[in-house]
Amino acid sequence: MAAVVVVLLVAGALLGDAVARTRAETEVADQVATAVGSDPSRIGVSIGGWPFLTVLATDRLDSVDITAPAATVKKDQQSATFTDVTIHASGLRNVRDIDATVMDSADATARITWKELSRLSGSTITSAGGSRVQLVRSVKVLGASVSLKISAAPSIRTEDRRIVFSKPQADVDGISVPSTLLEPAVASISDRIDLPDLGNLKYQSLRADSRGLVVSLSGDAVAMKDLIGG
């Protein structure tokens with residue numbers, strides 16, 4: 001009989017913990033969705049660690065994983081829409097108040113689609129295959145303005161969050177255009193693309209794929225409000 005009582009108590013505790021965890025995940029999803037302009041049903045939230053109910057006493061969580069199909073981040077005068085967003089955070093403090101929540105460490109990936117990159121830059125940017133992008137730009141060649149499809153290698157300048165393009169290549173009627181003529185054209189595009197400041201979550205690198213540029217970010221002591229515009 002005692003064994004049955006113990007089993008029932010354990011089952012009740014597990015059930016209560018699971019219900020509390022689910023409610024918390026739903027609440028976080030609602031707040032994130034509101035902040036990034038998405039439907040809560042499309043935000044994935046998974047809280048790690050057990051038992052969850054200890055958060056009521058410690059105000060801490062072991063980890064949280066968040067996914068979103070799209071998120072628009074607005075900081076100061078900058079705005080950018082990211083897709084396929086994933087965030088893994090460890091050691092979260094002050095979790096009962098999302099505006100005060102701080103993560104000991106966080107890692108994230110997100111994609112900037114070609115359409116969004118073109119909007120940010122004011123120029124048409126698409127994939128050139130492999131790790132390169134194609135930019136459509138007018139340049140002066142022998143005194144004439146020529147519209148060129150320029151291939152370049154994208155990267156991110158971490159100190160100012162600016163996407164830059166290096167090693168530009170283009171040709172006219174099979175004749176290569178000197179890079180000295182192309183570099184000012186691609187630089188003028190880069191000057192328009194600085195990504196939103198996410199506080200201590202820093203942009204680390206990016207790579208091109210068929211759907212856009214995938215950025216990787218990481219940081220320590222990351223404030224949740226810096227990620228959701230709080």
Side-chain angles (χ1 to χ4, degrees), residues 11-113 115-117 119-120 161 195-204 206 211-230:
L14 290 174
L15 179 60
D17 194 82
V19 170
R21 185 190 304 271
T22 298
R23 286 177 177 171
E25 290 173 343
T26 299
E27 182 177 345
V28 172
D30 287 345
Q31 294 188 56
V32 171
T34 298
V36 302
S38 183
D39 187 321
S41 65
R42 305 188 71 195
I43 305 296
V45 177
S46 177
I47 296 175
W50 189 90
F52 170 74
L53 288 173
T54 58
V55 71
L56 297 177
T58 64
D59 207 14
R60 290 181 61 92
L61 288 176
D62 288 347
S63 66
V64 170
D65 289 276
I66 300 173
T67 61
T72 298
V73 179
K74 298 179 180 179
K75 301 290 287 188
D76 301 323
Q77 301 302 312
Q78 299 164 312
S79 173
T81 296
F82 300 92
T83 64
D84 304 316
V85 178
T86 67
I87 300 173
H88 174 75
S90 300
L92 290 84
R93 295 170 273 132
N94 308 319
V95 296
R96 284 179 287 186
D97 180 0
I98 197 168
D99 288 334
T101 300
V102 177
M103 315 168 207
D104 288 346
S105 64
D107 297 285
T109 61
R111 176 178 285 105
I112 306 171
T113 64
K115 181 179 179 180
E116 176 67 358
L117 190 61
R119 182 190 72 81
L120 292 171
R161 310 178 309 281
L195 300 178
D197 183 357
L198 298 177
N200 285 343
L201 188 65
K202 305 296 185 182
Y203 298 90
Q204 303 294 334
L206 63 76
R211 292 186 288 163
L213 299 181
V214 179
V215 294
S216 297
L217 310 93
S218 66
D220 298 326
V222 177
M224 179 68 81
K225 64 181 181 180
D226 285 333
L227 308 187
I228 63 174

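The basis for the numbers below is simple: all heavy atoms, side chains too, and nothing from hydrogens, waters or symmetry mates. Residue numbers count from 1 along this sequence.
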I'd like to check the salt bridge (charged side-chain N to carboxylate O under 4.0 Å, His left out) partners of [X]; sequence neighbours left out, ordered by chain and number.
X: Asp104; answer: Arg60, Arg93
X: Arg42; answer: none
X: Glu25; answer: none

Asp197: what forms a side-chain hydrogen bond (donor to acceptor under 3.5 Å, both in side chains) with it, not counting sequence neighbours? none
Just verifying a value: how many Å separate [X] [atom1] and [Y] [atom2], rounded to the nearest 0.5 Å?
X: Arg161; Y: Leu198; atom1: CZ; atom2: CG; value: 8.0 Å
X: Thr109; Y: Phe82; atom1: OG1; atom2: CZ; value: 11.5 Å
X: Asn200; Y: Asp226; atom1: CG; atom2: CG; value: 7.0 Å
X: Leu117; Y: Arg119; atom1: CG; atom2: CZ; value: 10.0 Å
X: Asp107; Y: Asp65; atom1: CG; atom2: CG; value: 10.5 Å

For a quick test of reading the model, state the closest non-hydrogen atom pair linking [X] to [Y] and the distance between them.
X: Asp30; Y: Pro40; answer: OD1-CB, 3.2 Å
X: Ala108; Y: Ile87; answer: CB-CG1, 3.9 Å
X: Ser90; Y: His88; answer: OG-NE2, 3.4 Å
X: Val85; Y: Ala110; answer: CG2-CB, 4.0 Å

Are any non-hydrogen side-chain atoms of Arg211 and Asp84 less than 4.5 angstrom apart? yes
Less than 4.5 Å apart, any side-chain heavy atom of Leu195 and any of Ile112? yes
Between Ser38 (side chain) and Thr34 (backbone), is there a donor-acceptor pair under 3.5 Å? no
Let me check something: any side-chain donor-acceptor pairs from residues 216-224 under 3.5 Å, sequence neighbours excluded? List them with distances.
{"unit_1": "Ser218", "atom_1": "OG", "unit_2": "Gln204", "atom_2": "NE2", "d": "3.3"}

Going by side-chain contact (heavy atoms from CB on, under 4.5 Å), name the residues that satisfy it together with [X], two or more places apart in sequence or in a different chain.
X: Asn94; answer: Asp59, Ala100
X: Thr72; answer: Lys74, Ser79, Thr81
X: Thr67; answer: Thr86
X: Val214; answer: Arg111, Arg207, Asp209

For the NZ atom on Lys115, are there more than 12 heavy atoms of other groups (residues, nucleotides or ligands in this structure) within a distance under 6.0 Å? no
